[in-house]
Amino acid sequence: MSIYVEQAKAQRQLTASNSKIRPLPHCVYVCFTYTLGCGYFPMATAVLPCWKHSFKGCDPNGGLPHQCHKLLQFPAHGRQRNSPVRARSEGKRITTAISDINRCSRQEILIGTHSRRMILLLTASLPVMSVQNDLQFFTSNDKFNVHATEVEEAEGEIIKTEIRKVLAKAKAAGLLRLVFHDAGTFNMAKNTGGMNGSIIYELDRPANAGLDRSVKVLEKVKAALDVIMQVSWADLIALAGVEALALCGGPNIRIKLGRQDTKSPDPDGELPEESLNASGLKECFQRKGFSVQELVALSGAHTLGNKGFGNPTNFDNSYFQILLERPWMKASKGNEMATMIGLPSDHALVEDDECLRWITTYANDQNKFFDDFAKAYDKLVNSGVHWRTL
């Protein structure tokens, strides 16, 4: 039986900020969920002071290398397990944050394989140990959510760090398009599609031409992450879009993690076609649960790339300013390139009164555009999501 160990964000303030937990050295904060029978059996957050443990690969001066292994022994005098399991199993999920006042900051913990009998024995012994060893249990959802949020933030930082290693402004438009084409298959009435990583099965569709290059960029990131943690394609693509926007001067967006991947392609024909008029666009986005304002805000992503809306690597409100100028209608001999600015669907927006109102608003107020785009982006990458659970 494998134990899935997630890398946690261990901060020295963790013990000091919680009045119910004494700041003891070498404390282990464990929140774990494991499978028994046909379902998950959640355990409360516990403080286990002074359990026998050993460090391997730790810097004697107090530093902790990236892959410092902390092997926990259950029970304290039991035989040490010598086969730590990488964080890739779908079995037992354990979220562990280790606080050591003098040494620990953040580390990866690799815990050995335990039998079902050992896990059952541990469960049965917890009430006794709570008396003998002064274990403190907290069942508050608020405390659990705090720990879960810290773990999620730590995971997000690890993923974004790997994305930044391969990201460049020239790749930003492609990565943002990848987000839109993965999430854009969502159909609210049919409850199909959405942000689920299905795009990796759909690269042969004409609408997704060229996106294989963006997937290859992220394949390098996923290969590096798979060694130390589990990350879904959906989370990876959504965060890649966040980083692409930030790199190009766009809004800083925080998104939730925990999207699960599908194992098959989404239904075809759900992406908005480039030839749609304003009425068709509004109907298409309405099927996905988006308002006209959100449609216009998300269309502002076309400011990136080679569609002719300002600097192709700067995310700003120039898209809306150029739409108001309607340069494709002013093309003349020697200036034929003006007809190549934007897509037919972009041109259609400015001819619709309801859309034009928001185009004008965003053309005059970039901060308003950034705020509304960030909200719409968060809604987009949450469309149709099946969230993982502990």
Side-chain angles (χ1 to χ4, degrees), residues 173-174 176-177 179-181 183-189 193 205-210 241 245 248 250-251 268-380 383:
L176 194 57
R177 180 171 170 245
V179 176
F180 277 67
H181 283 232
T185 56
F186 180 57
N187 186 306
M188 189 167 56
R205 295 178 181 177
N208 296 329
L245 288 164
C248 295
D268 200 358
E270 292 291 347
L271 293 175
E273 299 177 8
E274 296 178 357
S275 59
L276 287 177
N277 58 22
S279 177
L281 283 171
K282 289 193 286 187
E283 182 181 347
C284 179
F285 274 75
Q286 187 178 22
R287 290 198 301 269
K288 305 177 190 303
F290 289 91
S291 66
V292 173
Q293 177 186 7
E294 291 166 332
L295 156 64
V296 176
L298 289 173
S299 296
H302 286 175
T303 192
L304 289 181
N306 298 314
K307 297 180 178 67
F309 295 106
N311 189 318
T313 59
N314 281 356
F315 190 89
D316 53 26
N317 65 339
S318 60
Y319 170 80
F320 304 104
Q321 295 173 347
I322 293 174
L323 279 183
L324 292 177
E325 295 173 1
R326 297 176 173 84
W328 55 89
M329 299 182 66
K330 303 174 184 177
S332 58
K333 190 174 182 179
N335 188 29
E336 291 83 0
M337 289 299 293
T339 61
M340 303 297 290
I341 295 177
L343 303 172
S345 55
D346 293 317
H347 304 169
L349 289 178
V350 78
E351 303 303 328
D352 179 86
D353 290 341
E354 192 175 7
C355 294
L356 180 61
R357 179 165 65 91
W358 289 111
I359 292 171
T360 304
T361 297
Y362 296 146
N364 295 324
D365 191 342
Q366 180 167 283
N367 290 334
K368 172 67 173 171
F369 165 51
F370 277 18
D371 289 343
D372 288 350
F373 182 90
K375 294 173 185 175
Y377 183 92
D378 184 63
K379 183 176 178 177
L380 177 70
S383 298

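The figures that follow rest on heavy atoms only: side chains count, while hydrogens, waters and symmetry mates do not. All figures in this text were calculated on a predicted structure; none of them were measured in a lab.
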Point-to-point distance, once rounded to the nearest 0.5 Å, from [atom1] of [X] to [atom2] of [Y]:
X: Thr360; Y: Asp365; atom1: OG1; atom2: CG; value: 12.5 Å
X: Asn364; Y: Leu324; atom1: CG; atom2: CG; value: 7.5 Å
X: Leu343; Y: Trp328; atom1: CG; atom2: CH2; value: 10.5 Å
X: Tyr377; Y: Leu298; atom1: OH; atom2: CG; value: 10.5 Å

Could you check whether Lys379 makes a cation-pi contact with Phe290, meaning its NZ or CZ is under 6.0 Å from the centre of the six-membered ring and within 45° of the ring axis?
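Satisfied, under 6.0 Å and within 45°.
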Below 30° counts as parallel, above 60° as perpendicular, anything between as tilted: where do the rings of Tyr362 and Phe369 land?
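If you compare the ring of Tyr362 with that of Phe369, the planes turn out tilted.
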Do the side chains of [Y] and [X] get nearer than 4.5 Å, heavy atoms only?
X: Gln366; Y: Asp316; result: yes
X: Thr303; Y: Asn311; result: no
X: Pro312; Y: Leu304; result: no
X: Trp358; Y: Leu349; result: no

Using a 3.5 Å distance criterion without hydrogens, assess whether the side chain of [X] forms a donor-acceptor pair with backbone atoms of [Y].
X: Arg357; Y: Asp352; value: no
X: Lys288; Y: Ser383; value: no
X: Glu351; Y: Ala348; value: no
X: Gln321; Y: Ala363; value: yes
X: His302; Y: Gly308; value: no
X: Asp378; Y: Ala374; value: no
X: Asn317; Y: Phe320; value: no

Give the minimum heavy-atom separation between Val179 and Leu380, together with the two atoms involved.
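In this case the closest contact between Val179 and Leu380 is CG1-CD2, 4.4 Å.
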Heavy-atom pair with the smallest gap, counting every atom of Leu271 and His181
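Looking at all heavy atoms of both residues, the closest pair is CD1-ND1, 3.5 Å.
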Could Lys282 and Glu354 be called an ion pair, given the rule that one side-chain N must be under 4.0 Å from one carboxylate O?
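Salt bridge: yes.
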Could you check whether atom NZ of Lys375 has more than 12 heavy atoms from other residues, nucleotides or ligands sitting under 6.0 Å from it?
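Incorrect, the count does not exceed 12.
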